Amino acid sequence: MMQNKHNDGRQVLVCCGTGCLASGSKQVFEAFKSQLESVEGVEALVSTKATGCNGWCEQGPLVKILPDDITYCLVKPGDVSTIIQKTILEHEIVEKLLYRDPLSKKRIKSHHELNFYRKQKKVALRNIGEIDPASISDYMEREGYQALNKAFSMLPRDIINEVIKSGLRGRGGGGFPTGLKWMNCFEQEASRRYIICNGDEGDPGAFMDRSIMEGDPHTIIEGMLICALAVGASAGYIYVRDEYSLAVENLARAIQDARDRSLLGRNIMGRDFAFDIEIVRGGGAFVCGEETALIASIEGNVGEPRDKYYFPSEKGLWGCPTVINNVETWANIPVIIGQGAEQFASVGTENSKGTKVFSLVGKVVNTGLVEVPMGTTLREVIFEIGGGILRGRKFKAVQTGGPSGGCIPAELLDLELDFDSLAAAGSMMGSGGLIVMDERTCMVEVARYYLNFLAGESCGKCVPCREGIRHMLEILSRICEGKGRSGDLELLENLAETVQEVSLCGLGKTAPNPVLSTLRYFREEYLAHIEDHLCPAGICRDLTRFSIDPIKCTGCGLCKKSCPADCIIGESKAVHSIDSTKCIKCGSCVDSCRFDAVVINQEVGK
Amino acid sequence: MIILIDGQEVKASSGETILSAARRAGIHIPTLCYHENFAGQGQGRCRLCLVEVEYQGVKRIVTSCTYPITAQIKVRTSSLRIEQMRKNIVMLLYKQAPASSLLQSMYCEYGCQENLLQDNPGEKCILCNLCVLACEEMGSSAISLIMRGTDKKVATPYDEAAQTCLGCAACAAICPTQAIEVMERDGVRIIWNKEFKLLNCKHCGQPFATEEQINFVDSKGNYSDMLHYCQNCRQKMAARRIKDFR
């Protein structure tokens, strides 16, 4: 009996977000399911759940045991029997599966003790990792659909005013005040209105919307319902990027479950209110994340944007007033209505309220999804939550806001993350990508990389975006190849201004950001490429020469081993050298050397 | 309502575009992707028609072919900045379609400076989409813009002869840069990789339309015998009827 009492209400939460699934968490989950069944008396008292993404993908598959608050990392199916025996039955901790802090070398029992989580504040991600996304009851247990119930007791205008008061701004990139958008739609004279959830997340390295759609689909449905009730819409669409099959699956199930419980369809919650949601799968064009292109795509037209002299809230889907918000924006709505605007607005900065989810990736120790209050500094996110730069290298820049964001240098690490300060620094919030770059990053190459992405993803409708980006890319490519000419930077800036000013949609208007921000903060690196024919970071092949400093070289042979071109010569324990005629400039030697003996573009003494 | 364009008072109806109001008042704004046949609706593709709009002290640059007039705005159709941007757009378009004689002359007219940016040798198309709109208007929608970014082009489905193409050549007629090739020889027209037999006018005997085009129009209404005469002869016949009318 004692045993049973202890086990009462215990939960095994297996992270089944995309990252963990890729590391084999499905098998771990199945193992728990089947093995717990075979233990007598336990299966009824322990529930096993597959949850959404916990954000700490590099330590996956993650398994959390509640209420003990134990987090096991890198769990394999073979570890499951040990966990059941030790933790579930004997209430002991399996030490070897705990996270080991690289600095203190100590094992850490719960993820809550980690800086990665401690500094975060989960609002939009509040349920993810805690609930089974396939279970509507799980969502309801955590105050799900309570906000909708509360909204029924409010006047439409009061609901909208509450959202205005919260100061919530669109999380998709534009940062337009959400409440004003709703009010504008509400005030239009129309017989039909639509609600759209923009889940066409396309920024390379960004996965916050995906995580919400996969891990907490009901919060999106509830947010949309509240808006539909406020503005008077009867139909909604969730536009999901086609590659996100798990998101589509979980959303579809959530919609069906909501219909079954009279939360969608006619007479919602027994009231005279009808609303239903349909999922539309995108065709894979980045530009369809732009709201007018997205609307064109839902209508069955070519996914091209239009000039926004009319907002979608005035003339949107099929010419009707339409509220279109990003996934993360929708996830904030139940919190604002449920807990009140004031509480929501108590977090954040003057003009950017609440929290923001960032996908922290690149050369940083802890990659993953982090949600922090607006106004948190870049330094806190990168060095405290992110744990600093990999291999103890020097921080060089952080690219924020997706491919058309800008690069922010080390001098601005204390910049507060909010819509306005990022824009002032020549970058943008975008959807919340943070790509950390270390000293082995060439900023000209970075600008070229993003322009290359944008050149392929520009819809090609308007001339400045289609042709302007192409030629900016052409100039950047030739600078990287060592064929830059004097006057190239001026030509770049001239083109950038036209593209920024005259392009039709947000993609084109922001496309020059990577170029302009790197020119602003790293101009000397461009000049080194053009005038000295050198790439200071040692990335551009035609402008790089590696050599080994004989004073620092210990002859350990690591570089020789890692060189794919076999161009490093030297006996063991003797000074090595590089045969530059065979070197392919891949940089493996730099990355492998532990003594900083491989130097870039420097003359070394004999 | 009354708006000011370059200091001149112009009458405009609410929702009308700046370009349409300006054209009516005889004020010139350059365009490439605009055609008045499409109910005054611009596309905003070429961006050449950009103007500066001032409303309540705030100035912004907009494309006049898509900007709807909803308030008493002040419009400037030209300024140093606008001209610089137009010049850049013409330069970009010239680099895209250097074989177009229209772009060649605009390149000179706008005083674009030579630079070493790459161009597309032999290309004439500026992707203005007017051909696609014309085809849609004809009722066949045989061509469309396909792909995106720098790969964008006008094409029939899979670049094959399109079933719905009537060979009417409305696309070629509306093209501002003569980019669409129409070959006519020995009573045969070749356009968009498809061959069409041309019908001869019952009166003058000259080839004037494709069989598919005549059949398509015939299916849309009762045009009796008129369909079998070329436009020239139809006009002459109509004039004769009016003359003989007593």
Side-chain angles (χ1 to χ4, degrees), chain A residues 283-288 292-293 301-310 314-315 451-475 477-478 483 485 487-488 490-492 494-505 507-509 511, chain B residues 15 17-18 32-33 41-50 52-53 60-70 73 81-82 84-97 103 113 115-120 126-129 132 136 144-154:
Chain A
F286 176 72
V287 73
C288 285
T292 57
N301 296 318
V302 177
E304 284 181 346
R306 61 162 176 81
D307 276 303
K308 268 201 273 191
Y309 302 134
Y310 287 116
E314 295 160 328
K315 280 186 186 175
L451 266 272
N452 189 39
F453 175 85
L454 293 165
E457 290 299 339
S458 156
C459 78
K461 178 176 176 177
C462 75
V463 176
C465 177
R466 182 184 70 226
E467 300 302 320
I469 294 177
R470 177 159 76 109
H471 291 300
M472 285 200 287
L473 173 63
E474 180 192 329
I475 299 170
S477 300
R478 74 174 178 228
K483 295 171 190 157
R485 311 187 184 99
D488 268 357
E490 291 70 23
L491 188 56
L492 258 182
N494 181 10
L495 281 174
E497 196 205 339
T498 301
V499 175
Q500 202 167 39
E501 192 68 53
V502 198
S503 287
L504 192 157
C505 80
L507 191 153
K509 284 183 197 297
Chain B
T17 64
I18 295 175
L32 277 171
C33 71
Q41 281 310 304
Q43 306 187 70
R45 285 177 192 270
C46 74
R47 319 300 284 175
L48 207 56
C49 68
L50 50 98
E52 185 190 271
V53 164
R60 62 192 279 218
I61 298 226
V62 304
T63 42
S64 59
C65 74
T66 53
Y67 189 91
I69 300 165
T70 52
I73 49 173
R81 197 140 166 266
I82 289 174
Q84 177 58 44
M85 287 179 194
R86 280 193 189 141
K87 196 165 146 180
N88 272 346
I89 291 168
V90 169
M91 183 273 287
L92 289 171
L93 279 171
Y94 169 75
K95 292 285 176 182
Q96 139 131 42
L103 263 308
Q113 272 161 10
N115 59 44
L116 292 156
L117 297 177
Q118 284 168 6
D119 59 10
N120 298 331
I126 55 166
L127 295 169
C128 70
N129 198 47
V132 176
E136 215 174 277
S144 173
L145 285 174
I146 63 159
M147 315 286 270
R148 58 177 180 255
T150 43
D151 297 327
K152 200 162 187 126
K153 62 172 187 173
V154 179

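Each chain gets a letter, A, B and so on, in the order the sequences are listed, and its residues count up from 1. What you are looking at is a predicted structure, and each value in this text was computed from that prediction instead of being measured.
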Top of Leu48(B), Leu93(B), Ile146(B), Thr63(B) for chain A proximity - count of heavy-atom pairs under 4.5 angstrom: Thr63(B)
Heavy-atom pair of closest approach, residues Pro464(A) and Arg47(B): CD-CG, 3.4 Å
Residue among Lys152(B), Gln43(B), Arg60(B), Arg45(B) with most heavy-atom pairs under 4.5 Å to chain A: Arg45(B)
Minimum heavy-atom distance Gly44(B)-Cys462(A), with the two atoms named: O-CB, 4.1 Å
Region of Ile469(A) in contact with chain B, defined by heavy-atom distances below 4.5 Å: neither
When Ile89(B), Leu32(B), Val62(B), Asn115(B) are compared by non-hydrogen pairs under 4.5 Å with chain A, the top option: Val62(B)
Atom CD of Glu490(A): over 12 foreign heavy atoms under 6.0 Å: yes
Reported OH-to-OG1 distance for the pair Tyr309(A) and Thr17(B), which is rounded to 0.5 angstrom: 11.0 Å
Heavy-atom pair with the smallest gap, counting every atom of Tyr310(A) and Gly15(B): OH-CA, 4.2 Å
Modelled atom types, side-chain donor and acceptor of Arg470(A) and Gln96(B), under 3.5 Å: no
Part of Glu474(A) within contact of chain B (heavy atom distance under 4.5 Å): side chain
Electrostatic pair Glu497(A)-Arg81(B), nearest N-O below 4.0 angstrom: yes
Most contacts with chain A, counted as non-hydrogen pairs under 4.5 angstrom, among Ile61(B), Leu145(B), Leu92(B): Leu92(B)
Straight-line distance of Glu467(A) CD to Lys95(B) NZ, nearest 0.5 Å: 11.5 Å
Under 4.5 Å from a heavy atom of chain B, the part of Leu491(A) involved: side chain
Region of Asp119(B) that comes under 4.5 Å of a non-hydrogen atom in chain A: neither
Contact origin within Ile126(B) toward chain A - heavy atom pairs under 4.5 Å: backbone
Residue Leu50(B) versus chain A: region with a heavy atom under 4.5 Å: side chain
Which portion of Arg306(A) sits near chain B, non-hydrogen atoms under 4.5 angstrom: neither
Side-chain heavy atoms of Asn88(B) within contact of Val502(A), under 4.5 Å: no
Contacting moiety of Asn494(A), where chain B heavy atoms sit under 4.5 Å: both
Side chain proximity check, Leu495(A) to Leu117(B), heavy atoms < 4.5 angstrom: yes
CZ on Arg466(A) to CZ on Arg148(B), rounded to 0.5 Å: 15.0 Å
